[in-house]
Number of protein chains: 2
Amino acid sequence: MKSLSASAAPHASAPSCGAPDAFSRGLAALAHPARVEILRYLAGVDYCCCKDVVQRLNLAQSTVSQHLKVLLDAGLVRMSPQGQRSRYAVDVAALRTLCEAVGALATECAVRADEQGREMCRGDH
Amino acid sequence: MKSLSASAAPHASAPSCGAPDAFSRGLAALAHPARVEILRYLAGVDYCCCKDVVQRLNLAQSTVSQHLKVLLDAGLVRMSPQGQRSRYAVDVAALRTLCEAVGALATECAVRADEQGREMCRGDH
DNA sequence: ATCGTTCATCGTCTATCGGCGATGAACGAT
DNA sequence: ATCGTTCATCGCCGATAGACGATGAACGAT
């Protein structure tokens, strides 16, 4: 009953909460400076193997590989094995989609807040 | 808050990257379904105390308080103590700013990828 | 066949996250 | 003064993230 974490809610299923959706995974992937740096680096080079990122970021190769895997799972980069290397490339469309999702959330919040923003200062309920 | 660049601590022995900037904190705050739900709920009501969110989300009060604190630290919500309650409200401007930061990252990646996307054929396409 | 390179994965470690209950402070009402 | 309510914080716990080194597979070159 205590171990819910993402599956079993104590009482009833939580409202739209509890699933690691694409939105959450995408944002979580972006919520790390190293991964943002990887993305920007990937966009700036024509082809990119893991080694290049390692030299760029001054991190261990295994660490970089992990970060790339996170970005891959989030759908923000694509990978095509090429010989003994791995060609990584930014999925610009996915990045845009994620950006639009954030924008949609911001817009929704703005609209809903504006709909009744004037009476926010009543002080009672 | 235009500093998107991850400073990428040069030394690898550091446990973390050492630069939890506003961008990372904001995205990390959004990267949890419960917190997104809190944001949307906050935007939809004129007045909101912690208790309301607790009933809404079916989470323990302490858990909700933690989530609110995360959102607060990320600057996405504002809080004003009001009597024994705490009035929480979405900071729409901050949300927009964060959204624009994501957009800037997406645009930068798109531009840089487009600048040489056509000539990325070094050997094969 | 052998070697060097590249990369993904495994194991380990520490720090943090995310959940909870319990506690105490602050405040309004009785 | 006392009680009830609300909230933030603490301690605890399991799970995850993020770092590393080591290992082995895949591949090109010798």
Side-chain angles (χ1 to χ4, degrees), chain A residues 1-11 14 17-20 24-25 27-38 47-74 77 79-88 123-125, chain B residues 6 8-20 24-25 27-38 47-55 57-74 77 79-88 123-124:
Chain A
M1 157 165 141
K2 66 163 61 170
S3 65
L4 50 99
S5 161
S7 55
H11 301 102
C17 161
S24 296
R25 263 185 291 120
L27 289 188
L30 286 186
H32 195 292
R35 287 194 286 263
V36 173
E37 193 66 22
I38 289 177
Y47 80 84
C48 192
C49 54
C50 182
K51 181 90 184 299
D52 297 335
V53 185
V54 168
Q55 293 173 342
R56 178 77 161 202
L57 287 197
N58 207 2
L59 289 175
Q61 178 265 327
S62 55
T63 303
V64 171
S65 190
Q66 296 261 48
H67 281 313
L68 284 171
K69 181 172 168 51
V70 171
L71 289 168
L72 204 58
D73 291 342
V77 307
M79 189 269 276
S80 57
Q82 176 160 14
Q84 59 196 6
R85 306 187 178 181
S86 297
R87 173 196 295 265
Y88 286 97
D124 70 344
H125 188 34
Chain B
H11 204 269
S13 65
S16 72
C17 269
S24 295
R25 263 185 290 120
L27 289 188
L30 286 187
H32 194 292
R35 287 194 286 263
V36 173
E37 193 67 22
I38 289 178
Y47 166 102
C48 193
C49 55
C50 182
K51 179 98 183 297
D52 297 335
V53 185
V54 169
Q55 293 173 342
L57 289 197
N58 208 359
L59 288 174
Q61 179 265 327
S62 56
T63 303
V64 171
S65 190
Q66 296 261 49
H67 281 312
L68 284 170
K69 181 172 169 51
V70 172
L71 289 168
L72 204 59
D73 290 342
V77 307
M79 189 268 278
S80 59
Q82 176 157 15
Q84 58 196 5
R85 305 186 178 180
S86 297
R87 172 197 296 268
Y88 286 96
D124 93 334

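By convention in this document, chain letters (A, B, ...) are assigned in the order of the sequence lines, proteins followed by strands, and residues within each chain are numbered from 1. Just so it is clear, the values below take in all heavy atoms, side chains as well, and ignore hydrogens, waters and symmetry mates.
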Taking atom [atom2] of [N] as reference, at what distance in whole Å does atom [atom1] of [X] sit?
| X | N | atom1 | atom2 | result |
| --- | --- | --- | --- | --- |
| B:Asp73 | D:dT9 | CG | C1' | 13 Å |
| B:Arg87 | D:dA8 | CZ | C1' | 19 Å |
| B:Gln82 | D:dA8 | CD | C1' | 17 Å |
| B:Leu59 | C:dC17 | CG | C1' | 14 Å |
| B:Arg85 | D:dG4 | CZ | P | 18 Å |
| B:Leu68 | C:dG18 | CG | P | 13 Å |
| B:Lys69 | C:dT16 | NZ | P | 14 Å |

At what distance, to the nearest 0.5 angstrom, does [atom1] of [X] lie from [atom2] of [Y]?
| X | Y | atom1 | atom2 | result |
| --- | --- | --- | --- | --- |
| A:Arg56 | A:Glu37 | CZ | CD | 6.5 Å |
| A:Gln66 | A:Gln61 | CD | CD | 10.0 Å |
| B:Asp52 | B:Tyr88 | CG | OH | 12.0 Å |
| A:Cys48 | A:Met79 | SG | CE | 12.5 Å |
| B:Ile38 | B:Leu57 | CD1 | CG | 5.0 Å |
| B:Gln55 | B:Cys49 | CD | SG | 8.0 Å |

> Between the side chain of B:Arg35 and the main-chain N/O of B:Leu71, is any donor-acceptor distance below 3.5 Å?
Replying inline: no

> Quick check: does any side chain N or O of A:Arg87 sit under 3.5 Å from a backbone N or O of A:Tyr47, one acting as donor and the other as acceptor?
Replying inline: no

Check every atom of [options] against the side chain of [X] and return the nucleotide holding the closest atom.
| X | options | result |
| --- | --- | --- |
| B:Lys51 | D:dT6, C:dA8, D:dA8 | D:dT6 |
| A:His67 | C:dC7, D:dG18, C:dG19 | D:dG18 |
| A:Gln66 | C:dG18, D:dC20, D:dC7 | D:dC20 |
| B:Cys49 | C:dT9, C:dT6, D:dT6 | D:dT6 |

> With a 4.5 Å heavy-atom cut-off, do B:Cys50 and B:Ser86 have their side chains touching?
Replying inline: no

Phosphate oxygens OP1/OP2 of [N]: is one of them under 4.0 Å from a side-chain N or O of [X]?
| X | N | value |
| --- | --- | --- |
| A:Tyr88 | C:dA8 | yes |
| A:His32 | D:dA19 | yes |
| A:Ser65 | C:dA8 | yes |

> In the 5'-to-3' direction, what one-character label does each nucleotide of nucleotides 22-30 of chain C receive under the scheme B = base within less than 4.0 Å of a protein heavy atom, S = sugar-phosphate only, - = no such atom?
Replying inline: B----BS--

> Starting at the 5' end of DNA chain D, what dot-bracket string do you get if Watson-Crick and G-U pairs under 3.5 Å are bracketed, crossing pairs use [ ], other-strand pairs use | and unpaired bases use dots?
Replying inline: ||||||||||||||||||||||||||||||

> Between A:Arg35 and B:Ser86, who's closer to the 5' end of DNA chain D by nearest nucleotide?
Replying inline: B:Ser86

> Step by step, would you call A:His67 with A:Leu59 a side chain to side chain contact (heavy atoms under 4.5 Å, CB included)?
Replying inline: CA-CA 10 Å; A:His67 281 313; A:Leu59 289 175; 4.3 Å; yes

